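Can you read through this structure? Questions will come right after.
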Amino acid sequence: MGAPVHGSGLRTDRPERSRRALVAGSVGNFIEWYEFGVYGYFATVIAARFFTPEGGSEVEALVKTYASFALAFFFRPVGAALFGRLGDRVGRRPVLIMVIVLMTAATTLIGVLPTYDTVGALAPWLLTFLRVLQGLSAGGEFGGAVSVMTEFAPPGRRGLYGSWQSFTVALGLLGGAGVAALLATVLSEGQLGDWGWRLPFLLTLPMGLGALWLRLRLDETPSFESLREEPLPERPPGREVAKAIALGAGRIMGWAAAGYTFLVVLPSYLQSSLNATFQQALVATVLANLGFATTIIPAGLLSDRIGRRPVMLTGALLVTVLAVPLLNLLQNTGTSNAVKGGAVFVAGAVVGLMAGPGPAMLSEMFPTSVRYTGLGLAYALSNAVFSGCAGLIITETIKRTGSVDIPAYYAAVTCAVSVLALLTLRKDPVQGGS
């Protein structure tokens, strides 16, 4: 099923409104992925503060930390369904405002939570509750943001406009890594563990207030305005929508799994399995995210010219083939730091080939009447299973098998499945599914 479920209903509007929609739509993604990146980068610190009672092992605490990480992802589909239905009924703008308020509040509160030493077993439960709220808000963010970006996009530019969603993901992860690296440099290990880890979460408050201001100035999309003018807007059959959601999730599962493996899980893997220092792990993560950011927008732009399928297929195939060799370079003690840096940069870059066209591809699979819900659920389900569980699956499997190649196998297998799903995508050189 490569075409949209029905006609896409996309229209164009004035350039200034399109640019405003691009900024307002993408800013929430930046904050969301900044926080998720920070949580991943500080996973070992959070594990020690919230999940390590007297006598508990570090590995057990890390697994519990990633379990909380995964739980937030499993609430994403709930948020996608809840906020998506609202967004398809009352409009993209009001729901995106609700989402940014919830996301900002939950993330900021993590920065003031009491730890296990202070309140005992209540600490991990409080953290998990806030992670659930973050999962709900994140689930409602993607569908609305991509709907706004692509519904305001000029003709033949949906790939480019949609790619900004993925680009701000890269910026958010880079921002989180940058803040973490700065704190690791200026603070001692004791200060970082005692109170320094809180600062990145507290920084979300001013960022969220800025995002809220931008979204309050956002106009409703022309596609949704046109839909509201219809007396009885046409909605596709539920079975057809469900099929499109499942297929969309399959097409991006490699992007979800490889992205989180290379861009977020990497720091903890390097520390726990390859004995890297915290600073070395963060440098590797920054390089991977720079590679990711470098290819996203060119990939989205290229997909407007030659189609979504060839660009995304190239990325998925490259991960399938290169994942194990790239990881082996990192494991080899004789490999120079420059070569290792190049390896993680390339790993991020090939994921960007999938992430650039991905948002537009999903948007084009659904009509206006169910777009917020449909593309949001496809993305949330794929991320819940293949991103949210990445750290948990990789850490637990390495613990049980002793194999340090598990991250590469995980990325390669999921991308191989995505190749099969992407082969069903209709070949269209310009508009994909319009």
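Note that the structure is predicted; figures quoted are calculated from it, not measured. Quick note: residue numbers are just sequence positions, from 1.
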Requested in this report: For T108 and L202, run side-chain contact (heavy atoms from CB on, under 4.5 Å): C-alpha distance rounded to whole Å, both residues' side-chain angles, the deciding distance at 0.1 Å, then the answer.
Outcome: CA-CA 5 Å; T108 303; L202 295 175; 4.3 Å; yes
Query raised in the report: Can you tell me how far the CG atom of L130 sits from the CZ atom of F201, to the nearest 0.5 Å?
Result: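 Reported to 0.5 Å precision, the distance equals 10.5 Å.
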Query raised in the report: Under 4.5 Å between any side-chain heavy atoms of S166 and P359, yes or no?
Result: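 When only atoms from C-beta onward are counted, P359 and S166 do touch, with a gap below 4.5 Å.
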Query raised in the report: Are side-chain heavy atoms of M103 and I31 found at a separation under 4.5 Å?
Result: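 Side-chain contact under 4.5 Å: yes.
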**Report entry** Within-4.5 Å side-chain heavy-atom neighbours: L214 and V23
**Finding:**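 Yes, their side chains come closer than 4.5 Å.
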**Report entry** Greater than 12 external heavy atoms within 6.0 Å of W195's CH2
**Finding:**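 Atom CH2 in W195 is packed in, count exceeds 12.
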Query - Nearest heavy atoms of T294 and F345, plus distance in Å - result: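 So the minimum-distance heavy-atom pair works out to OG1-CZ, 3.8 Å.
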Query - Inter-residue atom distance E35.CD - L203.CG, 0.5 Å rounding - result: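 The CD atom of E35 sits 12.5 Å away from the CG atom of L203.
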**Report entry** Ionic contact status for E32 with R76, cut-off 4.0 Å
**Finding:**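 Salt bridge present between R76 and E32.
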Query raised in the report: Short question: side chain of R20, backbone of L218 - any donor-acceptor pair under 3.5 Å?
Result: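 Between the backbone of L218 and the side chain of R20 there is no qualifying donor-acceptor contact (under 3.5 Å).
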Query - Derivation and outcome, side-chain contact (heavy atoms from CB on, under 4.5 Å), residues L263 and V169 - result: CA-CA 11 Å; L263 306 177; V169 169; over 6 Å; no
Report task. Take S363 and T150, measure what side-chain hydrogen bond (donor to acceptor under 3.5 Å, both in side chains) needs, and give me the verdict at the end. Result -> CA-CA 7 Å; S363 179; T150 56; 2.9 Å; yes
Query raised in the report: Taking atom CG of L301 and atom OH of Y161, what is their separation to the nearest 0.5 Å?
Result: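 Reported to 0.5 Å precision, the distance equals 12.0 Å.
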Query raised in the report: Given the rule in the side-chain hydrogen bond (donor to acceptor under 3.5 Å, both in side chains) test, do S147 and R371 qualify, once you have shown the distances and angles that lead to the verdict?
Result: CA-CA 7 Å; S147 294; R371 180 173 295 127; 5.3 Å; no
Query raised in the report: Taking all non-hydrogen atoms of both residues, which atom of M312 and which atom of M361 are closest, and how far apart?
Result: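 Heavy atoms only, the tightest pair is CE-CE, 4.0 Å.
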Report task. On the 0 to 90° scale, with breaks at 30° and 60°, tag the W164-F167 ring pair as parallel, tilted or perpendicular. Result ->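 Taking F167 first and then W164, their aromatic rings stand perpendicular (interplane angle over 60°).
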Requested in this report: Walk me through it: do T107 and Q134 pass the test side-chain hydrogen bond (donor to acceptor under 3.5 Å, both in side chains)?
Outcome: CA-CA 7 Å; T107 305; Q134 287 177 319; 2.9 Å; yes
Report task. Step through the shown structure and confirm whether more than 12 heavy atoms of other residues, nucleotides or ligands are within 6.0 Å of CD on Q331. Result ->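 More than 12 heavy atoms, drawn from other residues, nucleotides or ligands, come within 6.0 Å of this atom.
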**Report entry** Note: R198-D194 ion pair, threshold 4.0 Å (strictly below)
**Finding:**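 Answer for the salt bridge query: no.
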Query raised in the report: Counting only N and O atoms by type, is there a donor-acceptor contact under 3.5 Å from the side chain of T373 to the main-chain atoms of R85?
Result: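 Side chain of T373 to backbone of R85, a donor-acceptor pair under 3.5 Å: yes, one is there.
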Query raised in the report: N383 side chain to Y379 main-chain N or O, any donor-acceptor pair under 3.5 Å?
Result: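 Yes, because the side chain of N383 sits within donor-acceptor range (under 3.5 Å) of the backbone of Y379.
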**Report entry** Considering all heavy atoms, the nearest A256-S387 contact
**Finding:**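 Heavy atoms only, the tightest pair is O-OG, 2.8 Å.
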Query raised in the report: Do Y372 and L96 have side-chain heavy atoms sitting under 4.5 Å apart?
Result: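 Y372 vs L96: side chains touch.
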Query raised in the report: Looking at CG of L302 and CG of L160, how far apart are the two atoms once the value is rounded to the nearest 0.5 Å?
Result: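 With rounding to 0.5 Å, CG (L302) is 11.5 Å from CG (L160).
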Query - Working for side-chain contact (heavy atoms from CB on, under 4.5 Å), residues V27 and T168 - result: CA-CA 7 Å; V27 67; T168 50; over 6 Å; no
Report task. Determine, step by step, whether W255 and Y260 satisfy the ring-ring contact (aromatic ring centres under 6.0 Å, His included) criterion, reporting the C-alpha distance in whole Å, the side-chain angles of both residues, the deciding distance to 0.1 Å, and the verdict. Result -> CA-CA 8 Å; W255 163 23; Y260 247 78; over 10 Å; no
Query raised in the report: Taking F50 as the fixed residue, which of T115, L126, V45 is the one that meets the side-chain contact (heavy atoms from CB on, under 4.5 Å) rule?
Result: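 Among T115, L126, V45, the one meeting side-chain contact (heavy atoms from CB on, under 4.5 Å) with F50 is T115.
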Query raised in the report: side-chain contact (heavy atoms from CB on, under 4.5 Å) between L362 and V146: does it pass, once the steps are laid out?
Result: CA-CA 9 Å; L362 287 176; V146 173; 6.0 Å; no
Query raised in the report: Closest heavy-atom contact between A80 and L377?
Result: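 So the minimum-distance heavy-atom pair works out to CB-N, 3.8 Å.
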Query raised in the report: Taking the side chain as C-beta and beyond, is there a heavy-atom pair between M354 and S418 under 4.5 Å?
Result: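 They are not in side-chain contact.
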Query raised in the report: Any sub-3.5 Å donor-acceptor pair from N289's side-chain atoms to L174's backbone N or O?
Result: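 Judged by distance alone, no pair lies under 3.5 Å.
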**Report entry** Residue pair P407 / F262, side-chain heavy-atom distance below 4.5 Å
**Finding:**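 Of all side-chain heavy-atom pairs linking F262 with P407, none is under 4.5 Å.
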**Report entry** pair F366-I245: side-chain heavy atoms closer than 4.5 Å
**Finding:**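 The answer is yes, as the side chains (C-beta and beyond) meet within the 4.5 Å cut-off.
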Query raised in the report: Hey, mind stepping through R93 and T221 against side-chain hydrogen bond (donor to acceptor under 3.5 Å, both in side chains) and telling me if it holds?
Result: CA-CA 8 Å; R93 177 182 178 273; T221 72; over 6 Å; no
Query raised in the report: So, do T314 and L318 sit near enough that their side-chain heavy atoms are less than 4.5 Å apart?
Result: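 They are in contact (side-chain heavy atoms under 4.5 Å apart), so the answer is yes.
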Query raised in the report: Taking S382 for the side chain and A249 for the main chain, is one N or O donor matched with an acceptor at less than 3.5 Å?
Result: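 Answer holds: yes.
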Query raised in the report: Taking all non-hydrogen atoms of both residues, which atom of L287 and which atom of G341 are closest, and how far apart?
Result: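 Nearest pair, atom of L287 first, then G341: CD1-CA, 3.6 Å.
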Query raised in the report: Say you draw a straight line from CD1 of I110 to OG1 of T204; how long is it, rounded to the nearest 0.5 Å?
Result: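 With rounding to 0.5 Å, CD1 (I110) is 8.5 Å from OG1 (T204).
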Query - Residue pair A378 / I252: nearest heavy atoms and the distance that separates them - result: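 Closest approach of A378 to I252: O-CD1, 4.1 Å.
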Query raised in the report: With the threshold set at 4.0 Å, does a side-chain nitrogen-carboxylate oxygen contact exist between R158 and E151?
Result: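 Salt bridge: no.
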Query - Cation-aromatic face contact R217/W213, 6.0 Å, 45 degrees - result: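 Cation-pi check for R217 and W213: passes.
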**Report entry** Nearest-0.5 Å distance, CG of residue L247 to OG1 of residue T424
**Finding:**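 Those atoms lie 4.0 Å apart.
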Query raised in the report: Given the side-chain rings of F142 and W33, with only the six-membered ring counted for Trp, is the space between their centroids under 6.0 Å?
Result: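 Between W33 and F142, which both carry aromatic rings, the centre distance is not below 6.0 Å.
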Query raised in the report: For P357, which of L425, I306, V311 qualifies under side-chain contact (heavy atoms from CB on, under 4.5 Å)?
Result: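 That would be V311.
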Query - R215 and E141: CA distance, side-chain angles, deciding distance, salt bridge (charged side-chain N to carboxylate O under 4.0 Å, His left out) verdict - result: CA-CA 12 Å; R215 290 190 171 176; E141 173 65 32; 2.6 Å; yes
